[in-house]
J.: 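Questions regarding the structure given below will be posed in turn.
Reckoned from all heavy atoms, side chains included, excluding hydrogens, waters and symmetry mates. Only a predicted model underlies this, so the values are computations on that prediction, with no experimental measurement involved. Just so it is clear: chains get the letters A, B, ... in the order the sequence lines come, proteins before strands, and each one is counted from 1.
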Number of protein chains: 2
Amino acid sequence: MRTGLSREDIIKIAAEMADEKSAAGVTFKALAVRLGIKSPSLYKHFSGGLDELNREIMLYGWRLMDGEITQAVIGKEKDDAFIDLCYAYRKFVSRHQGLYEAMQWYNMYDSEEHLRASEGAVGVICRALSSYGLTEEQKVHTVRMIRAFLQGFSTIEVNIGKDHPVTLDDSFDFALKTMLGGIADIQR
Amino acid sequence: MRTGLSREDIIKIAAEMADEKSAAGVTFKALAVRLGIKSPSLYKHFSGGLDELNREIMLYGWRLMDGEITQAVIGKEKDDAFIDLCYAYRKFVSRHQGLYEAMQWYNMYDSEEHLRASEGAVGVICRALSSYGLTEEQKVHTVRMIRAFLQGFSTIEVNIGKDHPVTLDDSFDFALKTMLGGIADIQR
DNA sequence: TACAATAGCTAATGTGATTAGCTTTTTCGG
DNA sequence: CCGAAAAAGCTAATCACATTAGCTATTGTA
């Protein structure tokens with residue numbers, strides 16, 4: 001019996017599985033059960049095996065996040081755009097912990113595709129920064145700083161207990177304001 | 001034949017293997033070959049299996065890094081301490097990419113031990129910040145900001161090509177100065 | 001020196017990925 | 001509408017590791 005599911009459908013379901021369990025929980029065996037087929041059949045969709053599926057999940061995640069953070073900054077600029085962008089990133093991670101884990105695997109694959117998939121997100125950050133009067137080089141630096149911070153904060157947040165008296169929310173706010181302050185300094 | 005290697009020796013060798021290949025490249029099979037024994041024998045040292053070894057590698061890495069960055073800031077204060085600390089972190093990661101990967105697995109384990117292992121590093125950051133006149137809460141925020149940035153930057157750096165005209169060195173400098181500027185602003 | 005603990009070994013099992021080769025559906029050009 | 005041919009499944013078999021069970025040799029010490 002055919003399932004009628006496209007390659008994209010399967011990737012989406014695999015991404016959901018990652019969020020439900022963890023990125024490592026997405027096995028061909030488990031995915032096959034979920035789809036009601038046998039695991040060898042998955043090679044008809046992903047001839048490159050689990051590796052190919054993982055790459056696709058990773059790319060899917062970046063595209064999804066790109067879309068969400070792009071939405072978040074529409075019609076905004078300066079600090080508003082910047083802050084809302086960062087919040088959207090953080091919110092995405094909190095709702096997609098397993099997928100985000102898989103997204104970090106861009107390490108293991110060719111940077112090429114990942115670059116294309118995440119350049120949207122980078123572009124959004126760039127545009128949010130366009131009104132700050134930075135040079136091109138400063139803009140590159142700033143994008144990297146933000147990316148590094150967001151990525152690191154998200155990784156830490158996913159794993160740290162929420163019982164510390166100083167909340168992560170406040171720390172996130174503090175860091176954004178501090179970095180914005182630093183960026184403002186540059187112009188002086 | 002006995003190898004005469006202690007548990008700590010084996011963890012150290014496993015950490016070297018991680019750096020030579022990758023964190024995932026540390027399998028019981030490969031490690032056993034490296035040690036000249038059979039893989040089931042490793043259960044005599046790590047009754048908890050591969051999982052226990054991975055946890056130990058993770059802890060070993062944090063202790064090692066703690067020592068190095070502590071060394072790096074001895075006798076320094078303010079911006080000097082701060083900047084040298086960050087450089088030491090980054091240098092550690094560049095020399096221990098595989099181990100650093102394994103260190104990120106603190107996610108998967110009890111935070112307890114990792115907290116103890118990395119609290120040294122956090123303490124160093126705290127002390128480096130002590131001369132900035134921040135409130136306790138601001139200090140917590142700042143430590144988190146720095147940790148997030150360092151962790152994110154390191155992850156990005158490990159995987160990004162070095163062919164971009166704007167170097168990562170410059171971006172790292174830029175980010176540190178920007179954050180320092182932002183921190184200085186707080187006092188105003 | 002005897003003996004308990006230690007550290008090794010072989011054989012066997014289990015899980016998941018992957019491959020090979022066969023079968024059933026679809027799809028589509030004629 | 002018919003018959004390839006492609007697509008999407010399936011079963012059986014193999015492989016790589018991790019892990020377990022049970023046996024043996026070494027060692028350090030009472």
J.: What integer distance in Å separates A/Phe46:CZ from D/dA7:P?
T.: 15 Å
J.: Using atom CD1 of A/Ile37 as one end and atom P of C/dT24 as the other, report the distance to the nearest whole Å.
T.: 18 Å
J.: Can you check the A/Lys38 NZ to D/dA7 P distance for me, whole Å?
T.: 24 Å
J.: Applying side-chain hydrogen bond (donor to acceptor under 3.5 Å, both in side chains), can you list everything that pairs with B/Gln97, at least two apart in sequence or on another chain?
T.: none
J.: If a pair satisfies salt bridge (charged side-chain N to carboxylate O under 4.0 Å, His left out) and one of its residues is in residues 166-178 of chain B, list it, with sequence neighbours excluded.
T.: B/Arg90-B/Asp169
J.: How does the hydrophobic cluster around B/Val33 look, that is, which other residues are in it when side-chain heavy atoms under 4.5 Å mark a link?
T.: none
J.: Any donor-acceptor pair, under 3.5 Å, between the side chain of A/Lys44 and the base of D/dG9, if you only look at N and O atoms?
T.: yes
J.: Could you pull out the protein-nucleic contacts involving nucleotides 17-19 of chain C (nitrogen or oxygen on both sides, under 3.5 Å)?
T.:
from: C/dA17; atom 1: OP1; to: A/Phe28; atom 2: N; distance (Å): 3.1
from: C/dA17; atom 1: OP2; to: A/Phe28; atom 2: N; distance (Å): 3.2
from: C/dA17; atom 1: OP2; to: A/Lys29; atom 2: N; distance (Å): 3.0
from: C/dT18; atom 1: OP2; to: A/Tyr43; atom 2: OH; distance (Å): 2.8
from: C/dT18; atom 1: OP2; to: A/Leu50; atom 2: N; distance (Å): 2.9
from: C/dT18; atom 1: O5'; to: A/Tyr43; atom 2: OH; distance (Å): 2.9

J.: From CG of A/Leu31 over to P of D/dG9, roughly how many Å is that when rounded to an integer?
T.: 11 Å
J.: Determine whether any donor atom in the side chain of B/Arg2 lies under 3.5 Å from an acceptor atom in the base of C/dT6, or the reverse, and answer yes or no.
T.: yes
J.: Quick check, are the ring centers of A/Tyr43 and A/Phe28 under 6.0 angstrom apart?
T.: yes
J.: Is the phosphate of D/dG9 approached by A/His45 (side-chain N or O, under 4.0 Å from OP1 or OP2)?
T.: yes
J.: For A/Glu8, check side-chain hydrogen bond (donor to acceptor under 3.5 Å, both in side chains) against everything at least two apart and list the hits.
T.: none
J.: What integer distance in Å separates A/Leu5:CG from D/dG9:C1'?
T.: 13 Å
J.: So which residues get pulled into B/Val166's cluster when ILVMFWY side chains under 4.5 Å apart are joined, directly or through others?
T.: A/Val140
J.: So, OP1 or OP2 of D/dA8: does either fall under 4.0 Å of a side-chain N or O from A/Ser41?
T.: no
